[in-house]
Peer 1: 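Okay, handing you the structure first.
Predicted model, so just to flag it, every value in this text is computed and none were measured.
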Amino acid sequence: ATHTLRHLLVEINVRIDTKASVALSRIIKRTLNDKRFIRWGISFGLLNCCVGGIFGIPQDYVTIFQKLVIYSGYFTAAFVCGMAVLGIYGVSLLIATFAYKAKHPFDFTFPDGCGGTLFLGEAIAIFSLVTFTVGVLITAYILKAPWIRNDNDGVVLLKYMWIAFPYIMALVALLAPAIPISTQLKKYKQERDLYFQNKLDAIRNKLELSELTADELKLLRAEYSYQLEERARLHKMRTWPYGLGVNIQYLLAAVPVFYASFEATSKFIKNH
C-alpha cells in the first residue's frame, strides 16, 4: 500500500500546479506522520488485546508465557491494522483535496474511459483489496480460534462486529476517495455536454440560413457530424474511476468471504 501511495503521489504531481502540490504535501505531513501512525497503532493494539480477553483465550492449558505471546500477537496485528485505518483516512483526504482544489484537466477522450482518472481508481482498489484481505485473515482466525466464551450472546455479537469491521473499512477505502472524483467527473461531463449542445445548436441555426453556399453547407455538416461524434464519446466516459479489472478482482476476493459468512451463519444457527 505504501509503494502504491508513492506512485500515486508521482502521478498526482504530474497533473497539478506547484501551489496545489504544496497544499497536498501539507496534508500528507499533517495526516500521515510518524507520531499519528504510532498513536493509532497503539490504540488499536490495546483495543484488540481487550477484545481478545473478552472473547476468552484458553485458560487451562496456556501458560503465562504463552498468554504473553498471544497478546503480543494481538497487539502487533492490530498495531499494523490501526496504521492502515489512518492510511485510509489520509488517502481519502488527499484524493478529495485533489478532486476539489487542484487545477487538473479531465479529458473524456482519454483511453482509460474514466476521463484520465483510472490511475486513481487502480490505487484506491489496491488499498481496499489489501484491507479486504486482512478481513479474510481476521475472519479465519476468529472463527477457528478456541475461545472459551462462545456461548455468551454478547460476546458472539462483538465477535461478528469485529469480523465486520475490516470489511466496512475496505468498503470505505473503496468509496470514500472515489466519491469526490465521481462528483467532479459528473460535473465535468455535464459542463462538456452543455458545451456540445450549444455548439450543435449554433451549427443548426447556421444550416437554416438560405444564403449558404454548397461548400459552406458541406463544412457545416462535417462540423456537425464531428461534434455529434465527440458528444457520443463524452457520453461513453464513466463517472467512476474504476474499470472492469477492479470488478473482477473484488469478485474473486469475495469468494472466501462468502464461504466464511456461510460457515459462521451455520455455526451460529446450530448453536442457538
Side-chain angles (χ1 to χ4, degrees), residues 1 3-17 19-21 23-28 31-32 84-133 135 164-198 229-254 257:
H3 175 74
T4 301
L5 178 59
R6 290 183 184 277
H7 281 276
L8 177 63
L9 292 174
V10 173
E11 292 281 353
I12 286 177
N13 281 321
V14 171
R15 293 166 168 80
I16 58 178
D17 56 26
K19 184 177 180 181
S21 179
L24 293 181
S25 296
R26 288 174 180 168
I27 290 175
I28 295 171
T31 308
L32 303 179
V85 172
L86 177 61
I88 291 171
Y89 169 73
V91 169
S92 300
L93 184 61
L94 173 71
I95 294 179
T97 305
F98 172 73
Y100 288 122
K101 296 184 179 180
K103 294 181 179 179
H104 62 287
F106 295 126
D107 184 1
F108 68 92
T109 66
F110 208 85
D112 65 3
C114 306
T117 64
L118 186 61
F119 78 100
L120 288 170
E122 289 176 343
I124 293 168
I126 290 174
F127 298 139
S128 181
L129 284 169
V130 168
T131 311
F132 201 101
T133 304
F165 179 73
Y167 299 118
I168 294 172
M169 291 308 304
L171 187 62
V172 170
L174 186 69
L175 296 180
I179 288 175
I181 296 295
S182 177
T183 301
Q184 294 304 306
L185 282 173
K186 289 176 182 177
K187 182 179 178 181
Y188 166 78
K189 196 171 184 178
Q190 291 170 352
E191 291 174 350
R192 293 298 298 177
D193 188 64
L194 180 60
Y195 167 81
F196 284 123
Q197 182 63 52
N198 292 335
E229 290 174 0
E230 289 295 280
R231 193 180 192 186
R233 292 178 69 182
L234 173 67
H235 278 253
K236 290 180 181 178
M237 185 192 80
R238 296 187 297 274
T239 54
W240 284 90
Y242 299 124
L244 179 62
V246 173
N247 297 329
I248 294 175
Q249 287 174 331
Y250 260 83
L251 182 63
L252 294 175
V257 178

Peer 1: Do Q184 and K187 have side chains that approach each other closer than 4.5 Å (heavy atoms only, starting at C-beta)?
Peer 2: yes
Peer 1: Answer whether the closest heavy-atom distance between the side chains of L8 and I124 falls below 4.5 Å.
Peer 2: no
Peer 1: Indicate yes or no: at least one non-hydrogen side-chain atom of L174 is less than 4.5 angstrom from one of F132.
Peer 2: no
Peer 1: Verify, without hydrogens or angle tests, whether T239 (side chain) and S182 (backbone) share a donor-acceptor contact under 3.5 angstrom.
Peer 2: no
Peer 1: So which atom in Y242 and which in L118 form the shortest heavy-atom distance, rounded to 0.1 Å?
Peer 2: C-CD1, 4.0 Å
Peer 1: Are the side chains of I179 and W240 in contact, using a 4.5 Å heavy-atom criterion?
Peer 2: yes
Peer 1: Would you say the side chain of E230 lies within less than 4.5 Å of the side chain of F108, judging by non-hydrogen atoms?
Peer 2: yes
Peer 1: Is T31 reaching over with its side chain to a backbone N or O of I27, donor-acceptor style, under 3.5 angstrom?
Peer 2: yes
Peer 1: Looking at CD1 of I181 and OG1 of T117, how far apart are the two atoms once the value is rounded to the nearest 0.5 Å?
Peer 2: 6.5 Å
Peer 1: What I'd like to find out is whether the side chain of L94 reaches to under 4.5 Å of the side chain of L32, using heavy atoms alone.
Peer 2: no
Peer 1: Taking the side chain as everything from C-beta on, heavy atoms only, tell me whether M237 gets closer than 4.5 Å to F106.
Peer 2: no
Peer 1: Under 3.5 Å, side chain of R233 to main-chain N/O of E229, donor-acceptor pair present?
Peer 2: no
Peer 1: When rounded to the nearest 0.5 angstrom, what distance separates CZ in F165 from CD1 in I168?
Peer 2: 7.5 Å
Peer 1: Minimum heavy-atom separation for R238 to L185, with atom names?
Peer 2: O-CD1, 4.0 Å
Peer 1: Can you check side-chain contact (heavy atoms from CB on, under 4.5 Å) on D193 and H235, steps first, answer last?
Peer 2: CA-CA 8 Å; D193 188 64; H235 278 253; 2.8 Å; yes
Peer 1: With side-chain contact (heavy atoms from CB on, under 4.5 Å) as the criterion, how do L5 and F127 come out once you've worked through the C-alpha distance, each side chain's angles and the decisive distance to 0.1 Å?
Peer 2: CA-CA 9 Å; L5 178 59; F127 298 139; 4.1 Å; yes
Peer 1: Is the OH atom of Y89 crowded by more than 12 outside heavy atoms at less than 6.0 Å?
Peer 2: no
Peer 1: For the CD atom of E122 and the CD atom of E11, what is their distance to the nearest 0.5 Å?
Peer 2: 9.5 Å
Peer 1: Does any non-hydrogen side-chain atom of L9 lie less than 4.5 Å from one of I28?
Peer 2: yes
Peer 1: If you round to the nearest 0.5 Å, how far is CZ of R15 from CG of L120?
Peer 2: 7.5 Å
Peer 1: I need the minimum non-hydrogen distance between I16 and F98, along with the two atoms involved.
Peer 2: CG2-CE1, 3.4 Å
Peer 1: The test is side-chain contact (heavy atoms from CB on, under 4.5 Å); show your working for T131 and L171 and say whether it passes.
Peer 2: CA-CA 9 Å; T131 311; L171 187 62; over 6 Å; no
